[in-house]
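Quick note: numbers below take in every heavy atom, side chains included, and nothing from hydrogens, waters or symmetry partners. On a predicted model such as this, the values are computed, not experimentally measured, just so you know.
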Amino acid sequence: MILVVGQSGQVATELGRYLPDALFLDSAACDLSKPTECIDAILHVRPRAVINAAGYSDLNGAEENEALSILMNAEAPAAMARTCEELKIPFVHLSSDQVFSGTGVAPHLPSDPAQPVNTLGRSKLLGEQGIHASACVHAIVRTSWIFASHGDDFLKDMLQIGKTRTMVNVVSDQIAGPTPARDLAYALMAMTEALIVDPTRTGTYHFAGAPDVSRSGFAKEIFRQTGQDVIVNEIPASQFPMRARLPLNCRLDCLNLRTFTLQRPDWRAGLTTALQELDALPSEQ
């Protein structure tokens with residue numbers, strides 16, 4: 001059995017499509033703010049592998065809740081990794097593009113120095129370091145701008161804006177690859193199964209949608225596909241009110257996905273699928 005930490009989040013929900021026989025633990029069963037609970041859960045189940053699809057993801061909130069962010073993104077993953085090493089099973093962990101400073105224009109390689117500029121990124125980097133220190137078989141998977149038909153994300157924000165407004169300000173100088181949660185979930189599943197068979201594939205990987213695009217370009221494509229007549233006013237990140245500092249260059253070099261015979265998904269196709277799923281949902285009364 002594969003154990004998935006997380007149940008209702010976007011990636012965990014999509015993992016349910018590919019791992020119907022996995023055991024999914026919600027926060028009541030495995031609270032990341034209490035690392036010992038995570039250790040106990042893994043030791044009780046003794047799975048074939050662990051996928052951590054949960055974490056603290058509120059970019060602005062992390063600036064005010066640093067201790068909680070570190071508990072959930074650093075101490076809990078490190079504790080789980082040490083437990084996986086004890087059991088000699090793989091640990092697959094979801095990390096973030098926020099570990100990079102965002103300077104330059106070249107896509108970040110997995111081997112590039114990590115220099116986070118915000119609290120969330122620092123907590124994610126500490127988690128990665130803890131996993132490396134555990135010496136467990138692992139795949140650390142950095143990703144960016146996850147979206148799906150369910151859960152809160154940039155896609156839903158833009159759709160809501162399109163219902164009431166004709167113009168929206170969106171950052172134009174932050175660049176990344178929007179990532180469909182469904183494609184990311186498939187990649188995590190494939191990596192997990194591969195590591196069970198071949199532990200030599202352990203390492204850090206990048207997985208993000210293609211092509212890279214600005215936040216404003218992402219918004220324009222959302223409105224184009226939905227037919228919403230909304231003008232996207234492009235502004236620099238320096239003019240957008242955020243408590244957390246935004247790294248601008250969030251491009252991720254994903255070439256080492258070939259280790260698992262994976263490649264970057266086209267996020268525009270993933271967007272079409274997510275919008276079709278949203279259209280199929282029952283209308284709110």
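One hydrophobic cluster, built from ILVMFWY side chains closer than 4.5 Å, holds both Val168 and Leu155. Cluster membership check: Met1 shares its hydrophobic cluster with Phe91, using side-chain heavy-atom separations under 4.5 Å among Ile, Leu, Val, Met, Phe, Trp and Tyr. Hydrophobic cluster membership differs between Leu248 and Leu59, with clusters built from Ile, Leu, Val, Met, Phe, Trp and Tyr side chains linked at under 4.5 angstrom. No chain of hydrophobic side-chain contacts below 4.5 Å, direct or via other Ile, Leu, Val, Met, Phe, Trp or Tyr residues, connects Val137 to Ile131. Ile146 and Leu15 fall within a single hydrophobic cluster, where Ile, Leu, Val, Met, Phe, Trp and Tyr side chains are chained together by heavy-atom contacts under 4.5 Å.
Listed for the Ser214 side chain is no donor-acceptor partner under 3.5 Å among the backbone atoms of Asp173. Not a single donor-acceptor pair under 3.5 Å links the side chain of Arg142 to the backbone N or O of Phe207. Without hydrogens or angle criteria, Thr179 side chain to Gly177 main chain gives a donor-acceptor distance under 3.5 Å. For the pair Asn249 (side chain) and Ala106 (backbone), a donor-acceptor distance under 3.5 Å is present. Remark: side-chain polar atoms of Asp26 are not paired, donor with acceptor, to backbone N or O of Gln7 under 3.5 angstrom. A donor-acceptor contact shorter than 3.5 Å links the side chain of Arg258 to the backbone of Leu255. Judged purely by atom type and a 3.5 angstrom limit, Ser123 has no side-chain atom pairing as donor or acceptor with the backbone of Asn73. The backbone N or O of Pro199 sits nowhere less than 3.5 Å from a side-chain atom of Thr202 that would complete a donor-acceptor pair. Distance alone, capped at 3.5 Å, places no donor-acceptor pair between the His132 side chain and the Gly130 backbone. Asn65 contributes no side-chain N or O that, together with a main-chain N or O of Leu68, makes up a donor-acceptor pair within less than 3.5 Å.
Side chains of Glu63 and Thr119: a donor-acceptor N/O pair is present below 3.5 angstrom, by distance only. A donor atom on one side chain and an acceptor atom on the other are found under 3.5 Å apart for Gln10 and Asp153. For the 3.5 Å distance criterion, the side chains of Thr272 and Gln225 qualify, holding a donor opposite an acceptor.
Considering OG of Ser149 and CG of Asp279, their distance stands at 10.5 Å, rounded to 0.5 Å. Separating the CD1 atom in Ile89 from the SG atom in Cys84 is a distance of 4.0 Å, to the nearest 0.5 Å. Going from atom CD of Gln98 over to atom CG of Leu120 covers 6.0 Å, rounded to the nearest 0.5 Å.
Partners of Ser101 by side-chain hydrogen bond (donor to acceptor under 3.5 Å, both in side chains), not counting sequence neighbours, listed by chain and number: Thr103. Scored by the side-chain hydrogen bond (donor to acceptor under 3.5 Å, both in side chains) test, Asp253 finds no partners at all (sequence neighbours excluded).
Asp229 CG: 12 or fewer foreign heavy atoms inside a 6.0 Å radius. Around OH of Tyr18, the count of heavy atoms belonging to other residues, nucleotides or ligands within 6.0 Å exceeds 12.
Screening residues 29-41 for side-chain hydrogen bond (donor to acceptor under 3.5 Å, both in side chains), with sequence neighbours left out, gives Asp31-Ser33. For the side-chain hydrogen bond (donor to acceptor under 3.5 Å, both in side chains) condition, the pairs that include at least one residue of residues 230-244, sequence neighbours left out, are Glu64-Arg243, Asn169-Asn233, Ser216-Glu234, Lys220-Glu234. Among residue pairs with one or both ends in residues 231-277, those qualifying as ring pair (Phe, Tyr, Trp, His ring centres under 6.0 Å) are Tyr205-Phe260, Phe218-Trp267; sequence neighbours excluded.
Using a cutoff of 4.0 Å between basic side-chain nitrogens and carboxylate oxygens, Lys124 and Asp97 are not scored as salt-bridged. A salt bridge does not link Glu85 with Arg82: none of the charged nitrogens is closer than 4.0 Å to a carboxylate oxygen.
Taking each heavy atom of Leu246 and Gln174 in turn, the nearest pair found is CD2-NE2, 3.8 Å. Between Arg251 and Gly104, the shortest heavy-atom distance links the atoms NH1-O, 4.3 Å. Contact between Cys136 and Ala81 at its shortest, heavy atoms only, is CB-O, 3.5 Å. Between Arg201 and Leu195, the closest heavy-atom pair is C-CD2, 3.7 Å. For the residue pair Val230 and Gly162, the shortest heavy atom distance occurs at CG2-CA, 3.7 Å. Here the closest non-hydrogen pair linking Ala244 and Asn118 is CB-CB, 4.2 Å.
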Under 3.5 Å donor-acceptor pairs involving side-chain atoms of residues 44-57, not counting sequence neighbours:
unit_1, atom_1, unit_2, atom_2, d
Asn52, OD1, Ala54, N, 3.3
Asn52, ND2, His93, ND1, 3.0
Tyr56, OH, Gly61, O, 3.3

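Note: His108 and Phe100 meet the aromatic proximity criterion, with ring centroids under 6.0 Å apart.
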Under the side chain to side chain contact (heavy atoms under 4.5 Å, CB included) rule, what do Gln228 and Leu159 come out as? Steps first, then yes or no, please.
-> CA-CA 8 Å; Gln228 292 174 301; Leu159 293 177; 3.8 Å; yes
Passes side chain to side chain contact (heavy atoms under 4.5 Å, CB included), Val232 versus Glu221? Steps please.
-> CA-CA 10 Å; Val232 175; Glu221 181 63 14; over 6 Å; no
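The shortest distance between side-chain heavy atoms of Gln129 and Leu126 falls below 4.5 Å.
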